[in-house]
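Structure first, then comments.
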Number of protein chains: 2
Amino acid sequence: MTDLATVAKQAGVSRATAARAFSQPDLVRPETSQKVFAAARKLGFRPNHLGRQLRTQATHIIGVLIPSLDNPVFAEQLQAMEVAARERGYALLIATTDYDPEREADIVEELLRQRVDGLIMTVADAHENALLRQLDAENIPYLLVYNQLDTLDAPCVCVDNRQAMFDATRHLQQLGHRHIGMVAGPMLQSDRAKLRYQGYCQAMLAQRHVALPIIEMPQHTRSSFEVLAPWLDNDTPLTALLCSNDLLAISVIGDLQRAGLRVPDQVSVIGFDGIALGEQLCPSLCSVVQPRQAIGRAAVEGLLALMGGEQARLEKLPHQLRLGESVGPLPWPN
Amino acid sequence: MTDLATVAKQAGVSRATAARAFSQPDLVRPETSQKVFAAARKLGFRPNHLGRQLRTQATHIIGVLIPSLDNPVFAEQLQAMEVAARERGYALLIATTDYDPEREADIVEELLRQRVDGLIMTVADAHENALLRQLDAENIPYLLVYNQLDTLDAPCVCVDNRQAMFDATRHLQQLGHRHIGMVAGPMLQSDRAKLRYQGYCQAMLAQRHVALPIIEMPQHTRSSFEVLAPWLDNDTPLTALLCSNDLLAISVIGDLQRAGLRVPDQVSVIGFDGIALGEQLCPSLCSVVQPRQAIGRAAVEGLLALMGGEQARLEKLPHQLRLGESVGPLPWPN
DNA sequence: TTGTAAGCGTTATCAT
DNA sequence: ATGATAACGCTTACAA
């Protein structure tokens, strides 16, 4: 592959001049530029970013850490980030972690060896996280997405998970529901799931309703009717379910319907995330919408700001309750 | 950031020796290695891939071109590729094109400037594609995914789209359906959508059924009931619909149900892709499953093979019809 | 406006 | 087994 030196020779100028023709065209006489470009075209010259990056100590590459692309939330947000990044001249080097802290660490190390300019990550648990401390210590720009750290002034972009689930619960209560449960994946795996549970509990307590323990599914995005059944069979059956994400909600609705229960006539269901697909379903999925586009964009802009030396701050974006046919009023008042 | 020279000095050896301690440990005395590693740890040394890549002329990075991450098919397949690539020591630099040929070209150029070792792409139309010709001419290893070029020996990984849709149509016919339509996005946008339509037509002709024109939706993944209604209202209403992708199928089912039609009692629906979510729905989605895991893996392995000098070939992976509750027998024989 | 030369962090070749 | 040195392709003072 031809390099700048060859182009320069062909154009009858020095390497420096040839380089300038590309990076600082205003410093070079137009005719000279033309000669350089002509030579470049003729030789099929393609600038080598590696050389430039090595020299300038900046790659214009952002490392992205995502739990999984199988969940549309992350995929859709990645899509938004990719567009935002490209607009600003940055490329994305991505990796999936499956919420495994060990993988997280390995991959970050790998990304840093590639000399990414900064990191955008969604980690399993942001509290007491050794990896984040290390990044802090090394002064490496990073920004968390979805993770919510209210305690410290951590650089993150997210919605107010507690408030969001509070609002969703409130909505059900206003429709007359009292026996409301919250369904989630294993062990409230993520820090934000915990906050959502808090929001649920607060709303329940505020109305002197009973805040129940989490209905814990074996998988993050898949319902198990066996786990669900006991809550619907007893003498005070649940009339509404809050789910920690949309895929889980959709799965729950499917299970309910297969068991002969009508949604929302007998059980109302609310999801979390507001994935696009939810609106297409019948019944359409009522869900707490996280503004994924805005989150993706804010993440990129925020990281660039950090790299530019700005102070880290927690950016809370507004959530919104998207109404849907999966929720209805309490059929029989009690 | 500390570099190899510093580490070498600290360890009391030459740069070359320090380098070898990392890349060819067997060429260096164990004690010496230890000294180097100790120094590296002490100094917080992190190998700089840019230096290595510039020198070795290989990045171990694969450029990935995807139409959109908003469609779970691509997201799930990207997930599979990421895992497969990492296993083989490769990272993924990704970009989305929104099926825009201009973006496709720009992005490929950008990726090549970054000196990716090869490209994995899903392009809008692989026939008569100038970009692909250019890559051929420059001898740059690339591999297409989902795109199906039967004519030439193009490097691609896909299912047999024609046969797959043929099978799906056949399945409906065997259940007694005769009035079967195919629903797709605008203008059979992609080359594979055309092949799928061919499969539908062939199956219809084979049974002396009438192959209808495409029922064309304004969007790739969203149904419009206005477009659908005329086909269900007339004196020979359709009793089954084939959809060009799962998101569209789900949207179609939602529209039908909202219009008071029962699925599958009145209308059967089959999707294409077999996204994970489809199994959760009620009715569960009958769909032609593309083996996304296998496709992702085959794409990575295939590209590495190409880079290793092997001959390009079209790799067809087996599709499978996943049965589901969205399809039923013809209720009233005619 | 253009040229010279040094350096970014590796690895590979050739000696020792 | 180890060391010296020259690339890899680019940018950027500094000089002219």
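Letters A, B, ... are given to chains in the order of the sequence lines, protein chains preceding strands, and every chain is numbered from 1.
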* Show the numbers, then the answer: is there a side-chain hydrogen bond (donor to acceptor under 3.5 Å, both in side chains) between A:N245 and A:N71? => CA-CA 10 Å; A:N245 65 71; A:N71 188 330; 4.9 Å; no
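- Ion pairing between a basic and an acidic side chain is recognised when a charged N comes within 4.0 Å of a carboxylate O; A:E138 and A:R133 show no such pairing.
- Protein atom CD of A:Q24 is 13 Å distant from nucleotide atom P of C:dT1, rounded to whole Å.
- Summarising the geometry, the separation between CG on B:L27 and P on C:dC14 is reported as 16 Å, rounded to the nearest angstrom.
- Here C:dC8 presents its P atom at 19 Å from CD of A:Q114, a figure rounded to the nearest Å.
- With respect to A:R86 and B:E110, no salt bridge is recorded, no charged nitrogen being found less than 4.0 Å from a carboxylate O.
- The separation between A:H60 atom NE2 and D:dC10 atom P is 17 Å, rounded to whole Å.
- In this structure, B:D273 contributes its side chain and B:Q290 its backbone to no donor-acceptor pair below 3.5 Å.
- Using a 4.0 Å heavy-atom distance criterion, A:S23 is classed as making no nucleic acid contact.
- Taking the nucleotide of DNA chain D with the nearest heavy atom to each of A:H49 and B:P30, the more 5' of the two is matched to B:P30.
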* Using a 4.0 Å heavy-atom cut-off, write out nucleotides 3-9 of chain D from 5' to 3' as B (base contacted by protein), S (sugar-phosphate only) or - (no contact). => BBBBBBB
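- Rounded to an integer number of Å, the gap from A:L112 CG to C:dG9 C1' is 16 Å.
- Within a 6.0 Å radius of CD in A:E87, other residues, nucleotides and ligands contribute more than 12 heavy atoms.
- Rounding to the nearest 0.5 Å places CZ of B:R52 at 10.5 Å from CZ of B:F22.
- Whole-Å rounding puts the A:K9 NZ to D:dC10 P distance at 14 Å.
- Here D:dA1 presents its P atom at 15 Å from NZ of B:K35, a figure rounded to the nearest Å.
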